[in-house]
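Numbers here simply count residues along the sequence, with the first being 1.
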Amino acid sequence: MKKLSVMFTPRFAIWPTLPLDIHFRTESTWRPFPLNQENCRIFSRARQAIWSACIALDLKAGDTVLVPAYHHGSEIEALLLAGLKVKYYEIDGALAPDEATLLPLLDKQVKALYLIHYLGFPQDGAYWRKWCDDRNLLLMEDAAQAFLSTKEEIPVGSHGHVAVFCLYKTYGIPDGGAVISIKPPAPPRLTAETGNWRILKRHLNWVATKRGEVGFLHGLVKPALSWWKRQRDRPHAEFEMGNPDTPPALMTTRLLPKLLNEVTAHKRRRNYQYLLDHLGEMVPRQFVYLPDGACPFAFPIEVENARPFLERLRQKGVLGLLFWINPHPTLPVEEFPRSRFLRERVLALPVHQELTEYDLKRIVSAVQESRTALPAQVAAV
């Protein structure tokens with residue numbers, strides 16, 4: 001009987017779900033940064049926005065960008081497809097650029113510094129803007145996980161010559177990659193897709209958090225889809241850019257104004273703090289304090305046996321994510337031990353605004369039970 005109840009447990013995923021009533025809500029008049037900026041452009045994906053911004057800024061083939069070794073990979077691919085070269089730098093213990101590794105990389109070909117705001121935690125954009133200005137470099141801020149985040153009440157991304165944001169990582173829309181730039185790219189010109197299938201999936205994910213039987217089906221389908229993707233033998237498909245002229249889906253354009261809400265960041269912070277209060281001993285030290293203004297993308301925990309731990313979580317209804325496990329193939333992994341350590345041991349848990357306190361209790365319980373069954377050890381980076 002206990003095994004049956006586990007099978008029919010609700011499922012909680014990283015990505016924000018989409019409530020069924022969203023289609024009947026009125027549109028919000030609130031437009032947060034960067035959507036309130038005249039130089040804002042929205043593409044289907046942030047990687048397309050990065051490519052388009054590089055072209056608009058007249059960066060030339062062979063120009064070099066300093067990029068962090070701890071990255072997703074899609075941003076690196078976009079820079080390379082724009083004809084640029086990259087030089088990798090290591091991050092320091094606070095996930096900021098390590099100046100000791102940056103300075104030796106500087107030469108006449110270096111034109112920009114790429115700065116990532118990890119998990120919605122703001123980096124010191126003002127400091128790095130001055131650092132770039134002093135060296136006649138462009139600052140490219142990656143706020144893909146930091147939409148709605150602020151630092152000292154200034155929106156993250158405000159200091160960069162270019163800044164990109166992933167709207168769909170905060171709200172349950174099909175896509176949406178926003179960019180602001182000192183030289184705005186042209187808006188995308190292709191015909192927009194409907195986005196109906198991705199909207200249906202977000203709706204089903206929402207129902208799966210409420211209904212165990214739907215969660216059970218979700219738990220069956222997810223591993224099957226993962227297996228199918230592995231059989232296609234495209235290990236770096238997640239980095240592919242697609243056509244850079246792709247606009248956001250029609251459902252993104254329609255639903256985003258209904259989803260924008262001034263309390264979203266507050267709800268994510270509240271959920272993060274709840275998990276921090278109950279699982280704080282498992283959190284990497286860079287994320288044990290939630291700074292004012294941060295709008296968390298996910299909740300990180302650090303475990304030694306990451307893959308089996310994830311599987312145990314999945315069996316209990318929590319679909320965590322081994323964060324950025326696959327770097328871009330151009331990265332010499334062994335030369336950047338701190339980044340490698342984080343890739344292999346940091347898991348991301350749900351923290352999005354649609355979670356209830358009951359949901360959070362289930363997530364905490366799943367993590368604690370999985371930890372007991374498969375002990376995890378936390379180590380400082």
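- Under the side chain to side chain contact (heavy atoms under 4.5 Å, CB included) criterion, Glu152 pairs with no residue at all, not counting sequence neighbours.
- Leu81 and Val179 end up in different hydrophobic clusters when Ile, Leu, Val, Met, Phe, Trp and Tyr side chains are linked at under 4.5 Å.
- Residues Ala49 and Gly177 share a closest heavy-atom pair of CB-O, 4.0 Å.
- Asp58 and Lys183 are joined by a salt bridge, as a carboxylate oxygen and a charged side-chain nitrogen come within less than 4.0 angstrom of each other.
- The ring-ring contact (aromatic ring centres under 6.0 Å, His included) test applied to Tyr274 returns His278, not counting sequence neighbours.
- Side-chain contact between Val65 and Leu138 is absent, with no heavy atoms from C-beta onward closer than 4.5 Å.
- The backbone N or O of His159 sits less than 3.5 Å from a side-chain atom of Arg129, completing a donor-acceptor pair.
- Screening residues 129-152 for ring-ring contact (aromatic ring centres under 6.0 Å, His included) gives Trp128-Trp131 as the qualifying pairs, with residues at least two apart or on separate chains.
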With side-chain contact (heavy atoms from CB on, under 4.5 Å) as the criterion, how do Phe33 and Thr150 come out once you've worked through the C-alpha distance, each side chain's angles and the decisive distance to 0.1 Å? CA-CA 10 Å; Phe33 186 87; Thr150 63; over 6 Å; no
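- Using a distance-only test at 3.5 Å, with no hydrogens or angles considered, a donor-acceptor pair links the side chain of Asp92 to the main chain of Ala96.
- Judged as a side-chain hydrogen bond (donor to acceptor under 3.5 Å, both in side chains), the pairs with a partner in residues 111-122 (not counting sequence neighbours) are, in order, Tyr114-Asp142, His117-Glu141.
- Side-chain atoms of Arg362 and Thr9 include a donor-acceptor pair closer than 3.5 Å.
- The hydrophobic cluster containing Leu167 also contains Ile22, counting ILVMFWY residues as joined when their side-chain heavy atoms lie under 4.5 angstrom apart, directly or transitively.
- Minimum interatomic distance between Leu322 and Ala306 (heavy atoms only, all atoms of both residues): CD1-CB, 3.6 Å.
- Glu369 and Ser365 are linked by a side-chain donor-acceptor pair at a separation below 3.5 angstrom, with hydrogens and angles left out of the test.
- The residues Lys151 and Asp292 are annotated as not salt-bridged, no charged nitrogen and carboxylate oxygen being separated by less than 4.0 angstrom.
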Stepwise side-chain contact (heavy atoms from CB on, under 4.5 Å) test for Arg307 and Leu310: CA-CA 5 Å; Arg307 292 187 186 277; Leu310 269 181; 5.7 Å; no
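- There is a side-chain donor-acceptor pair under 3.5 Å between Asp175 and Ser44.
- When all heavy atoms of Leu276 and Val288 are compared, the closest pair comes out as CD2-O, 3.3 Å.
- Electrostatic pairing of Arg340 and Glu334 counts as a salt bridge here, judged by a charged N lying under 4.0 Å from a carboxylate O.
- One N or O on the side chain of Ser149 and one on the backbone of Cys295 form a donor-acceptor pair closer than 3.5 Å.
- Thr209 is not listed as a side-chain neighbour of Asn205, based on a closest heavy-atom distance of 4.5 Å or more.
- Evaluation of the ring-ring contact (aromatic ring centres under 6.0 Å, His included) test over residues 348-372, restricted to residues two or more places apart or in two chains, returns none.
- For the pair Ser370 (side chain) and Val367 (backbone), a donor-acceptor distance under 3.5 Å is absent.
- Legend: residues meeting side-chain hydrogen bond (donor to acceptor under 3.5 Å, both in side chains) with Ser74, ordered by chain and number and at least two apart, are His72.
- Using a distance-only test at 3.5 Å, with no hydrogens or angles considered, a donor-acceptor pair links the side chain of Arg31 to the main chain of Ser28.
- The shortest side-chain heavy-atom distance between Val303 and Arg345 does not fall under the 4.5 Å cut-off.
- In this structure, Arg189 CZ and Asp245 CG are separated by 4.0 Å, a value rounded to the nearest 0.5 Å.
- Residues Phe336 and Arg338 have side chains not in contact (no heavy-atom distance under 4.5 Å, counting atoms from C-beta outward).
- Phe299 is linked by a ring-ring contact (aromatic ring centres under 6.0 Å, His included) to Tyr272, counting only residues two or more places apart in sequence or in another chain.
- Between Phe323 and Phe297, the angle of the ring planes lies from 30° to 60°, which puts this pair in the tilted group.
- Counting only heavy atoms from C-beta outward, the side chains of Arg343 and His71 approach each other to under 4.5 Å.
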Check against salt bridge (Lys or Arg N to Asp or Glu O under 4.0 Å), Glu193 and Arg198: CA-CA 11 Å; Glu193 297 180 356; Arg198 283 172 285 178; 3.5 Å; yes
side-chain contact (heavy atoms from CB on, under 4.5 Å) between Leu80 and Val86, worked out: CA-CA 7 Å; Leu80 294 175; Val86 299; 4.2 Å; yes
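- By the rule that hydrophobic residues join a cluster once side-chain heavy atoms approach within less than 4.5 Å of another member, Leu66 and Leu103 end up as members of one cluster.
- In terms of modelled atom types and a separation under 3.5 Å, the side chain of Asp124 and the main chain of Tyr127 share a donor-acceptor contact.
- Using a distance-only test at 3.5 Å, with no hydrogens or angles considered, no donor-acceptor pair links the side chain of His161 to the main chain of Ile182.
- Without hydrogens or angle criteria, Asn39 side chain to Ser181 main chain gives a donor-acceptor distance under 3.5 Å.
- Glu335 is linked by a side chain to side chain contact (heavy atoms under 4.5 Å, CB included) to Pro332, counting only residues two or more places apart in sequence or in another chain.
- Under a hydrophobic-cluster definition in which Ile, Leu, Val, Met, Phe, Trp and Tyr are linked whenever side-chain heavy atoms come within less than 4.5 Å, directly or via other members, Met241 and Ile42 are assigned to different clusters.
- Annotation: side chain to side chain contact (heavy atoms under 4.5 Å, CB included) contacts of Ala366 (sequence neighbours excluded): Leu313, Lys316, Val318.
- Side-chain atoms of Lys87 and Val67, non-hydrogen and from C-beta on, never get closer than 4.5 Å to each other.
- Between the side chains of Tyr88 and Ser339, no donor N or O sits under 3.5 Å from an acceptor N or O.
- Remark: Lys130 engages Asp134 in a side-chain hydrogen bond (donor to acceptor under 3.5 Å, both in side chains) (not counting sequence neighbours).
- The two residues Gly195 and Pro174 have their closest heavy-atom pair at O-CG, 3.7 Å.
- Every residue two or more places apart in sequence or in another chain that forms a side chain to side chain contact (heavy atoms under 4.5 Å, CB included) with Pro247 is listed here: Pro188, Leu190, Ala192.
- Contact check for Met140 versus Leu79: side-chain heavy atoms found under the 4.5 Å cut-off.
- A side-chain donor-acceptor contact under 3.5 Å links Asp107 to the backbone of Val110.
- Distance alone, capped at 3.5 Å, places no donor-acceptor pair between the Gln48 side chain and the Ala46 backbone.
- The two residues Glu354 and Asp359 have their closest heavy-atom pair at O-OD2, 4.1 Å.
- Residues Ser52 and Phe43 approach most closely at OG-CE2, 3.4 Å, considering heavy atoms.
- In this structure, Ile363 and Pro350 have side chains that are in contact, with non-hydrogen atoms separated by less than 4.5 Å.
- In the hydrophobic clustering of this structure, Ile91 does not group with Tyr289; members are Ile, Leu, Val, Met, Phe, Trp, Tyr whose side-chain heavy atoms approach within less than 4.5 Å, directly or through other members.
- The stretch residues 253-270 participates, sequence neighbours left out, in these side-chain hydrogen bond (donor to acceptor under 3.5 Å, both in side chains) pairs: Tyr171-Thr264, Arg268-Gln353.
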